[in-house]
2 protein chains.
Amino acid sequence: MRFGEQLKLLREQNGLLQREIAAELKIDTPMYSKIEGGSRKAKRQQVLQLVKFFGLKEEALMSVWLADQIIDLLKEEKHGQSSLLIAGKDLYPHNKVWQ
Amino acid sequence: MRFGEQLKLLREQNGLLQREIAAELKIDTPMYSKIEGGSRKAKRQQVLQLVKFFGLKEEALMSVWLADQIIDLLKEEKHGQSSLLIAGKDLYPHNKVWQ
DNA sequence: TTTGACTTGTCTATTTTTGACAATATTATT
DNA sequence: AATAATATTGTCAAAAATAGACAAGTCAAA
C-alpha cells in the first residue's frame, strides 16, 4: 500500500472530499489530487498535519510515507534489495532480520 | 560502512591521491574530499564512473551508495525500521525477510 | 446538459543541490 | 622548524529539482 492509496482510503472512510483535506493542508485541490495519485510527494510537515487531522498514531502514516520514498529511490535499481539490507544493518544492528 | 568510507578505502588500497580521482570525475579536489567525508553526495553517474575506474562489479559500490541514501532518509526518523520492512515487502515480496 | 468532484498539463517561484574558489588545517619531507 | 604536498572547511553563484497555482480537461450523477 503506497502513501497516496492509504490517504485516499482514509479520506473515503471518513466521508471527506479532496477539497476539504486540501484546505486543511492549505494547498489547492489539484495539488492534493496529485498527492493521492502519487505523482507528487507530500511534505513531511503535511504528513504530520494529516496524522492530526485523522487522529492517527504518527507511525500509521509516517512509516508508509517513508516507505514510499524508499520505493521511489529503489524501484528502478538493480541492487535495491542488498541496499535495504545494508541500510537496515547499519541503522538497526540489533535486529537480526538484515543478517 | 558508509559510501565515503568505502571510497576512501578503495582509494588508499589503490595508492591514489584525491586529486587523481577528482580529475577522473571532473570535479575539484575539495568537492571530492566532501564526498569521501560524507558531507556531499556523489551523483549516480559518478558512482558508475568510480565502478569503472576501480574495475569493480557495479553492486559493490552501487548498493552501498543506495544504502547511504536510505540511511540519510531514515537516520532522524522514529519509524524508519517499519518503513524499511514496508518498502522491502512492496519491492521484493518473494523474500520472506520482510514478513 | 448542467453541476460537482476529481485529474492533467503547464508555468513560475521557491528550495535544494552542485561545483568552484579561497582559505585553512593536517601531514610528510627536508 | 620550515617548506611542500595533501586534504578539509566555508561560502557563494549557477543549475537542477520540487512545490504550488492556475487553466483546462474528464467523468459521473442529477
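Within every chain, numbering begins at 1; the chains are lettered A, B, ... in the order of the sequence lines, protein sequences first and strands thereafter.
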Is the closest basic N to carboxylate O distance between B:K75 and A:D90 below 4.0 Å?
no

Pair A:R44 + B:E77: basic N to acidic O under 4.0 Å:
yes

For [N], does OP1 or OP2 lie under 4.0 Å from any side-chain N or O of [X]?
| X | N | value |
| --- | --- | --- |
| B:Q46 | C:dG19 | yes |
| B:Q18 | D:dA5 | no |
| B:S33 | D:dA7 | no |
| A:K43 | C:dT15 | no |

Report yes or no: do B:Q18 and B:E36 form a side-chain donor-acceptor pair below 3.5 Å?
yes

[X] [atom1] to [N] [atom2]: how many Å, rounded?
| X | N | atom1 | atom2 | value |
| --- | --- | --- | --- | --- |
| A:D28 | C:dC6 | CG | P | 14 Å |
| A:I35 | D:dG20 | CD1 | C1' | 10 Å |
| A:M31 | D:dA19 | CE | P | 6 Å |
| B:I27 | C:dC21 | CD1 | C1' | 14 Å |
| A:E36 | C:dA5 | CD | P | 14 Å |
| B:Y32 | D:dA7 | OH | C1' | 11 Å |
| B:L17 | D:dA5 | CG | P | 12 Å |
| A:R19 | C:dC6 | CZ | P | 8 Å |

Does A:Q13, at its CD atom, have more than 12 non-hydrogen atoms belonging to other residues, nucleotides or ligands within less than 6.0 Å?
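Yes, CD of A:Q13 has more than 12 neighbouring heavy atoms, counting only those of other groups under 6.0 Å.
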
Base of C:dG19 paired with side chain of B:K26 (donor-acceptor, under 3.5 Å):
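Checked by distance alone, the answer is no.
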
For residues B:W65 and B:L9: do they belong to one hydrophobic cluster (side chain heavy atoms under 4.5 Å, members Ile, Leu, Val, Met, Phe, Trp, Tyr)?
no

Between [options], which nucleotide gets closest to the side-chain atoms of [X]?
| X | options | value |
| --- | --- | --- |
| A:R40 | C:dT10, C:dT7, D:dT9 | C:dT10 |
| B:P30 | C:dC21, C:dT8, C:dT7 | C:dC21 |
| B:K41 | C:dT18, D:dT9, C:dT8 | C:dT18 |

With sugar-phosphate meaning primed atoms plus P, OP1 and OP2, does A:E20 contact a base, only sugar-phosphate, or nothing at under 4.0 Å between heavy atoms?
nothing

